[in-house]
Amino acid sequence: MNKNIAVIRGDGIGPEIVNEAIKVLDVIAEKYGHTFSYTDADMGGCAIDKYGDPLPQHELDKCLKTDSVLLGAVGGPKWDGVPGNMRPEKGLLRIRAGMGVYSNNRPAKIWPQLASASPLKPEIVEKGIDFIIVRELIGGIYFGEHKTYGQGEKVSEDVMKYSESEIERIGRIGFETARKRRKKLCSVEKSNVLDTSRLWKSVMHRLAAEYPDVELSDMLVDNCAMQIVKDPSQFDVIVTENMFGDILSDEASMITGSIGMIPSSSLGATSNGLYEPIHGSAPDIAGKDVANPIGTILSAAMMLRFSFDMPAEADDIEAAVGKVLSEGYRTGDIMSSEDGLKLTKCSEMGDLICRAIKASK
Ligand code: IPM
Ligand code: MG
């Protein structure tokens with residue numbers, strides 16, 4: 001198959017981790033007889049420096065013409081002073097909205113090799129951690145009106161707004177995702193306080209009638225934050241709005257050992273998706289070749305699985321990651337005091353994963 005992939009390296013560690021993912025994609029292309037071509041696009045701080053805009057329309061248009069987008073990370077202290085609507089993160093929000101990718105899928109799964117890197121007690125980890133957060137990505141408070149006004153004392157407002165149809169389309173993704181797994185869907189909201197959450201809950205219950213094989217439960221977001229550390233084994237699929245999903249997915253990643261391991265897919269009505277690790281640009285370690293590229297490499301695997309219909313290729317990448325971890329290779333973020341572990345650079349990690357793919361049948 002021929003696929004054209006837009007590549008946004010972004011800022012901080014973005015370029016390093018994306019380069020490792022491209023190495024892996026090239027090895028896959030060679031092994032399976034595909035042709036992957038890459039279209040570079042600028043977004044985030046580097047686009048502000050180059051064009052004075054975190055995502056100029058021409059860069060978004062480039063991405064829309066490709067088969068999917070692979071993204072590293074954006075942002076950094078250099079652009080802290082720029083106005084809110086011109087921040088690097090605004091580029092990220094604009095590409096998500098511009099591509100219409102309303103459904104963000106963030107798996108929280110513990111790799112058995114990394115169990116000792118989890119901050120949870122071993123008896124909790126042993127019960128298993130394997131759930132997915134389905135986060136609504138292009139609505140809610142992130143995209144409501146933002147304003148700051150007032151003379152003397154300033155006042156700020158950010159509007160959280162959801163329509164029934166926005167809730168319904170993400171709700172369906174939640175039910176469909178659960179249907180392919182252990183058939184348990186937990187809808188997370190704050191319906192004891194927020195109108196948007198009461199609407200959310202009512203739409204989820206209306207949809208439940210169409211998915212009788214899926215067991216739907218409701219949970220308040222504050223309780224969910226607690227349950228994720230108390231007993232994560234209770235969760236299969238969590239569906240939630242944009243900001244709650246942002247916060248809960250960082251928490252969920254941490255209990256699996258490191259945020260550096262977690263990939264994500266974002267999809268809308270077409271197969272053209274946006275794939276990015278869930279961590280940030282980590283400016284403090286940028287350019288040092290010490291970042292963990294696995295979240296980005298696994299995001300590339302998700303691209304093959306969900307946008308390109310290449311499940312064997314995606315399995316191959318995931319198995320190679322498992323093999324390299326089993327051999328004891330660790331970047332700094334997943335290093336522990338266990339015997340026999342080898343501290344590994346970002347580029348070495350990419351090379352080892354490529355080698356494991358080439359070596360497997
Ligand atoms: C994420 C990030 C982004 C978000 C930031 C960088 C805008 O935290 O992808 O989780 O809040 O969505
Ligand atoms: Mg986040």
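Atoms within each ligand, like the ligands themselves, are counted from 1 in listed order. One is the number of the first residue; the rest follow in order along the sequence.
A donor-acceptor contact under 3.5 angstrom links the side chains of E157 and Y149, judged on distance only. Counting only N and O atoms by type, the side chains of D231 and S233 include a donor and acceptor under 3.5 Å apart. Side-chain atoms of N85 and R87 include no donor-acceptor pair closer than 3.5 Å.
With ring centers used as reference points, Y51 lies under 6.0 Å from H58.
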Before you tell me yes or no, could you show the steps for Y211 and R172 under side chain to side chain donor-acceptor pair (under 3.5 Å), namely the whole-Å CA-CA distance, both residues' side-chain angles and the distance that decides it to 0.1 Å?
CA-CA 9 Å; Y211 300 89; R172 288 192 184 281; 3.1 Å; yes

Before you tell me yes or no, could you show the steps for V159 and H146 under side chain to side chain contact (heavy atoms under 4.5 Å, CB included), namely the whole-Å CA-CA distance, both residues' side-chain angles and the distance that decides it to 0.1 Å?
CA-CA 7 Å; V159 175; H146 308 289; over 6 Å; no

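Distances between N or O atoms of D250 and those of ligand 1 include no value under 3.5 Å. For the pair E89 and ligand 1, the shortest N or O to N or O distance does not fall below 3.5 Å. The shortest N/O to N/O separation between E276 and ligand 1 does not fall below 3.5 Å.
For D246, the N, O or S atom closest to the Mg ion (ligand 2) goes by the atom name OD1.
At the shortest separation from atom 10 (O) of ligand 1 among protein heavy atoms lies D246 OD1, 2.9 Å.
Put simply, D250 stays out of reach of the Mg ion (ligand 2), with no N, O or S atom under 2.8 Å from it.
Of all atoms in ligand 1, listed by their number and element, those nearer than 4.0 Å to a heavy atom of R135 are 1 (C), 4 (C), 9 (O), 10 (O), 11 (O), 12 (O). Below 4.0 Å from some heavy atom of Y142 lie the following atoms of ligand 1, by number and element: 4 (C), 11 (O), 12 (O).
The neighbour count for Q234 CD, taken as heavy atoms of other residues, nucleotides or ligands under 6.0 Å away, is above 12.
Comparing heavy-atom distances from atom 12 (O) of ligand 1 across R96, R106, R87, H279 singles out R96 as nearest.
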